[in-house]
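So that the names make sense, note that chain A is the first sequence line, chain B the second, and so on, each numbered from 1.
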Protein chains: 4
Amino acid sequence: MFIKIDFESDMPIYEQLRRQIIKGIAKGDLEKGEQLPSVRQLAEDIGINLHTVNKTYNILKEEGYLAIDRRKGAMVKDIMPMVDEEYINNLYSELEYIIANSYCRGISKEEFLKLCEDIYDRLENKQGGEKYD
Amino acid sequence: MFIKIDFESDMPIYEQLRRQIIKGIAKGDLEKGEQLPSVRQLAEDIGINLHTVNKTYNILKEEGYLAIDRRKGAMVKDIMPMVDEEYINNLYSELEYIIANSYCRGISKEEFLKLCEDIYDRLENKQGGEKYD
Amino acid sequence: MFIKIDFESDMPIYEQLRRQIIKGIAKGDLEKGEQLPSVRQLAEDIGINLHTVNKTYNILKEEGYLAIDRRKGAMVKDIMPMVDEEYINNLYSELEYIIANSYCRGISKEEFLKLCEDIYDRLENKQGGEKYD
Amino acid sequence: MFIKIDFESDMPIYEQLRRQIIKGIAKGDLEKGEQLPSVRQLAEDIGINLHTVNKTYNILKEEGYLAIDRRKGAMVKDIMPMVDEEYINNLYSELEYIIANSYCRGISKEEFLKLCEDIYDRLENKQGGEKYD
DNA sequence: GTGGTCTAGACCACA
DNA sequence: GTGGTCTAGACCACT
């Protein structure tokens with residue numbers, strides 16, 4: 001599994017896990033329709049509590065990333081969650097803060113955009129292709 | 001004061017306050033060398049406890065945004081904090097997550113970059129010019 | 001626990017506690033990776049408020065002495081904090097004052113160096129050997 | 001005047017001033033019997049409150065560094081304060097902490113002693129000779 | 001049970 | 001008046 005948890009981070013474990021799964025989906029490491037490890041399995045692999053994995057799965061289900069089937073466990077949805085107004089507002093507010101912070105510290109618009117572009121490009125090229133790394 | 005706290009938010013008040021002050025500095029609402037309200041004053045204005053404001057001020061001091069002068073209280077530093085390796089790593093990791101999330105939801109690279117560019121432009125034009133709002 | 005607080009001292013409790021923990025680490029009373037008492041536990045043992053202990057733990061975390069693990073609470077880091085320029089400058093300035101003060105009062109260079117050497121030797125011999133006290 | 005105050009420091013101004021005067025005496029910048037600027041004068045020069053200078057002078061008088069004459073103001077005593085048990089205890093405890101901190105961070109005994117020796121040498125050579133700098 | 005957050009009120013040091 | 005410290009007690013998030 002590609003999950004790495006930093007137990008000394010300020011960020012809750014369930015949130016670290018959530019973000020890594022989303023990154024995994026974006027990168028194509030987790031393909032649409034793919035089944036995720038069971039709560040028990042993943043918890044053991046990472047060395048965290050089973051409830052923590054469960055919490056993450058449920059949040060991702062709420063967000064529309066996962067479907068949870070009683071028999072087959074969690075799987076990546078075929079259709080990704082949509083962009084609603086709330087998402088845009090949060091994104092805007094978050095970016096506003098990040099950019100303000102970077103701007104104050106002297107990171108130019110060009111540098112920042114280049115960084116974002118690189119990250120996007122890496123995603124687009126990796127899509128469904130992590131086997132060729 | 002230009003501070004708005006969302007008491008329903010999951011984000012701690014001191015962190016909301018911290019971010020708004022950073023945004024305020026980036027926008028030029030708070031100018032370099034400018035004195036901030038006293039912890040008591042600001043706490044009263046916002047309707048929160050003075051310790052919460054104090055915590056925010058101290059974090060911003062640690063980060064290099066504020067200086068706490070024994071005579072005049074908190075003020076915006078003349079020199080903004082630098083970009084160090086830790087900052088870049090955090091920024092990268094944060095953006096990686098945000099972009100993964102947006103990418104999954106179908107926001108194109110162009111849309112995302114446009115959004116960032118707009119935010120940057122708004123900052124650059126506002127800098128030192130909040131009088132013309 | 002080996003902590004002794006002087007409630008009459010001008011030095012804040014959290015700072016006394018911080019120094020004693022650092023001394024404890026240096027002496028080997030607290031080993032790398034060792035778990036510290038919970039804030040509540042230590043606060044009760046010492047007879048101070050848990051927030052005061054919490055403050056000390058957080059400062060030591062910032063300094064790189066402790067890691068706060070979400071599962072196990074505070075523990076001594078495996079890798080000690082580095083010496084950076086800021087540390088050297090503070091050390092120099094502090095020693096400059098201490099030596100000036102001692103020099104004025106007639107403490108000779110030899111006496112002073114001997115004192116430092118003794119303290120160093122005591123640390124080096126105690127390291128990992130507090131069982132033989 | 002050779003005084004530099006850092007208004008953003010955590011150390012109280014009166015204590016910064018006190019330490020710099022002691023350093024000044026040790027270096028010979030202030031000679032025994034020499035008259036110090038008046039409280040008013042020094043306060044104005046440094047840009048601090050007159051009470052703050054007054055507090056420093058009084059502490060240094062208590063410590064035995066200064067004599068305060070109603071007519072001539074403060075002057076450096078001909079005889080420096082002695083080393084008493086309290087002084088030694090404080091010195092020891094302070095050094096113990098400083099050395100523990102340095103030791104943890106990997107500063108070797110030799111490095112530390114060299115640093116102290118350098119500071120001592122610089123004092124001894126400067127004694128009464130700052131004019132030849 | 002752990003630490004994190006927030007509130008509240010007190011007292012003190014500093015300037 | 002300023003921030004710094006300490007106490008106290010409550011609630012919450014996380015595991």
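If you take CG of B/L42 and P of F/dG1, they are 17 Å apart, rounded to a whole angstrom. Note: CD (B/E8) to C1' (E/dT5) measures 17 Å, nearest angstrom. Atom pair B/F7:CZ and E/dC6:C1' shows a separation of 11 Å (rounding to whole Å applied). The distance between atom NZ of C/K72 and atom C1' of F/dC14, rounded to the nearest whole Å, is 16 Å. Counting to the nearest Å, the P atom of E/dC6 and the CD1 atom of B/I59 are 10 Å from each other. B/I46 places its CD1 atom 15 Å from the C1' atom of E/dT7, with the value rounded to the nearest Å. Between D/R18 atom CZ and E/dA15 atom P the separation is 14 Å, expressed in whole Å. In this structure, C/E44 places its CD atom 15 Å from C1' of E/dT2, rounding to the nearest Å.
Regarding contacts with the backbone of E/dC14, every side-chain N or O of D/N49 stays at 4.0 angstrom or more from both OP1 and OP2. The phosphate of E/dG4 has OP1 or OP2 within less than 4.0 Å of a side-chain N or O from C/N58. Dashed line: the shortest gap from a side-chain N or O of B/R70 to OP1 or OP2 of E/dC14 is not under 4.0 Å. For the OP1/OP2 pair of F/dC14 and a distance below 4.0 Å, the side-chain nitrogens and oxygens of A/Y14 include at least one atom meeting the criterion.
Contact check for D/I13 versus D/T56: no side-chain heavy atoms found under the 4.5 Å cut-off. Side-chain contact between C/Y97 and D/R18 is present, with at least one heavy-atom pair separated by less than 4.5 Å. C/R70 is not listed as a side-chain neighbour of A/M11, based on a closest heavy-atom distance of 4.5 Å or more.
Residue D/I48 is out of contact with every strand shown, counting any heavy-atom pair closer than 4.0 Å. Looking at heavy-atom distances under 4.0 Å, B/L50 makes no contact with the nucleic acid at all. Using a 4.0 Å heavy-atom criterion, one finds that A/K55 contacts the sugar-phosphate atoms exclusively.
C/Q41 and C/D45 form a side-chain donor-acceptor contact under 3.5 Å, judged by distance and modelled atom types alone. Counting only N and O atoms by type, the side chains of C/Y14 and C/N49 include no donor and acceptor under 3.5 Å apart.
Using a cut-off of 4.0 Å between Lys/Arg side-chain N and Asp/Glu carboxylate O, C/E44 and C/R40 are scored as not salt-bridged.
Between C/E15 and A/M11, the residue whose closest nucleotide on DNA chain F is further toward the 5' end is C/E15. Nearest-nucleotide positions on DNA chain E for C/D10 and C/K61 put C/K61 closer to the 5' end. Where B/R40 and C/R71 each meet DNA chain F at their nearest nucleotide, the meeting point lying more 5' is that of B/R40.
Here the nucleotide nearest the side chain of B/P12, chosen from E/dG4, F/dT15, E/dT5, is E/dT5. For B/T52, taking side-chain heavy atoms from C-beta onward, the closest of the listed nucleotides E/dC6, E/dA15, F/dG3 is E/dC6. Nearest to the side-chain atoms of C/S38 among the listed nucleotides F/dC6, E/dG4, E/dT2 stands E/dT2. Of the candidate nucleotides F/dT7, F/dG3, E/dT7, F/dG3 has the atom lying nearest to any side-chain atom of B/V39. With F/dT5, E/dC6, E/dA15 as the choices, the nucleotide that has an atom nearest any side-chain atom of B/N54 turns out to be F/dT5. Nearest to the side-chain atoms of C/H51 among the listed nucleotides F/dG4, E/dT7, E/dT5 stands E/dT5.
Pairing of E/dC14, defined by two Watson-Crick or G-U wobble distances under 3.5 Å, is identified with F/dG1.
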